[in-house]
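Take a look at the structure set out below.
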Amino acid sequence: MRMFDIIAHKRDGRALTDEEIDYFVEGYVNGDIPDYQASALCMAIYLRGMDPREVAHLTMAMAASGDMLDLSDLPGITVDKHSTGGVGDKTTLVIAPIVASCGVTMAKMSGRGLGHTGGTLDKLESIPGLSVTLGSHRFKEVVRECGCAVVGQSGNLVPADKKLYALRDVTATIGSVPLIASSVMSKKIAAGPQCILLDVKCGSGAFMKDEQSALELAEAMVSIGERAGRKTVALISDMDRPLGMHVGNALEVMEACDVLKGKAAEDVTEVCIELAANLLHMAGKGSLPACRELAREQIANGRAFAQLERMVAAQGGDAACLSDYARFPQPEVSREVFATQSGWVGSMDTEQVGVASLMLGAGREKIEDAIDPSAGIVLACKTGDRVEPGTLLATLYSSSEERLDQGERVLRGAYHIADEQPPAVPHFLARVSASGVEHMA
Ligand code: URA
């Protein structure tokens, strides 16, 4: 077999055989296939696409390129949730303790933020003392004790994706549904859960800007998960506005705690309930409406919050933070940003809200940049709210006046003030499962 022929087959629009896909993945990971041939194949896939059998096979070959976690010795049904990335998305910190408090196990490997989107590991690390590098033995111990744990990806999980993602990043081949779907699903499958819930974000703050492309990605990922023998569901959720009111690391942990205490904004609370309910439903805890009720009860009776306290303490963190927010790292400076005209917040460029938070110090532009756990934004107004000159739009937190200036400039540009109130938008647009697409809007 020759890599030259594999590239030519895909260039000419042919489906690759399982053997050709295996040859490529193995050869690229062990260094026999050079970057220039791998990038030519990625571009051919970008332009020609792949059928469901090819994408599923590529995913499984990538998943098998490194460690495959075995969670079968953990109690209960094991579930995982993946979000395609957004602004203000702190849902993992809420739904892991909710489902754990119902006896469903979530042994989760999360990522760091890059660019305008935040990452769960950075959020968790804003809790003093908390470690996200537990080692596989301690990771499982924490999961057994608490029903959930959240750690960073182990070193040798899907090396094929590490190499391919870096290559795609510099060869204009990131935005391809088969390549994104295989990249995401290879990591989920290698992490070992029985059920996978995908939260595919759609809108100005998301990777997928419109519903059609979000649906295409969701259907591709559900098809891969089901072919791999994992129960898989995808929800398409709105990311045309930030989720909740807090953007930033410590700030998002505080808002996650507020959700678990029943006192957070309606949007973030409802999104967390729906995600948790879908996980509970997949794990056999009842019908979707019954699971929504169950998730609400675990918040109301305090069990989910207690579960988060246990998990944080078991990972070495100061659990007292979760009730006394003054124990989190504190920002050096803050600034209130006020509206200058009257009207309605007609829309928000959510990606720019994420960029403003990054400029305040909450994110990183390069993987090695340090982040400021205390930096970020507390929004006072979002899309649909009425504003007058002097209405508080947001409060910014950072380490210097210069950063506040940069953050304020970008955040102001993210608000579009209109003469009329925009129509309300549902939190979820569609649910994709093995039985097909159910439109929710
Ligand atoms: N996230 C991933 O993990 N992979 C992609 O290709 C895109 C987003």
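Just so we're clear, the structure is a prediction, and the values are computed from it rather than from any experiment. As the structure lists them, so they are numbered: ligands from 1, and atoms in each ligand from 1.
For atom 4 (N) of ligand 1, the closest non-hydrogen atom of the protein is S183 OG, 2.6 Å. Of the protein's non-hydrogen atoms, F207 CE2, 4.1 Å is the one closest to atom 8 (C) of ligand 1. The nearest heavy-atom contact from the protein to atom 3 (O) of ligand 1 is K187 NZ, 2.5 Å.
A salt bridge is absent between D385 and K382: the closest approach of a Lys/Arg side-chain nitrogen to an acidic carboxylate oxygen does not fall below 4.0 angstrom. A salt bridge does not link E54 to R14: none of the charged side-chain nitrogens sits closer than 4.0 Å to a carboxylate oxygen. Remark: K81 does not engage D199 in a salt bridge, criterion side-chain N to carboxylate O under 4.0 Å. Taking 4.0 Å as the cut-off between side-chain N and carboxylate O, R241 and D267 do not count as a salt-bridged pair.
The shortest separation from a heavy atom of V184 to ligand 1 is under 4.0 Å, placing the residue in contact.
Among the atoms of Y165, none of the N or O lies under 3.5 angstrom from an N or O of ligand 1.
Tested against E145 for a salt bridge (Lys or Arg N to Asp or Glu O under 4.0 Å), the candidates K140, R310, R138 yield a single pass: R138.
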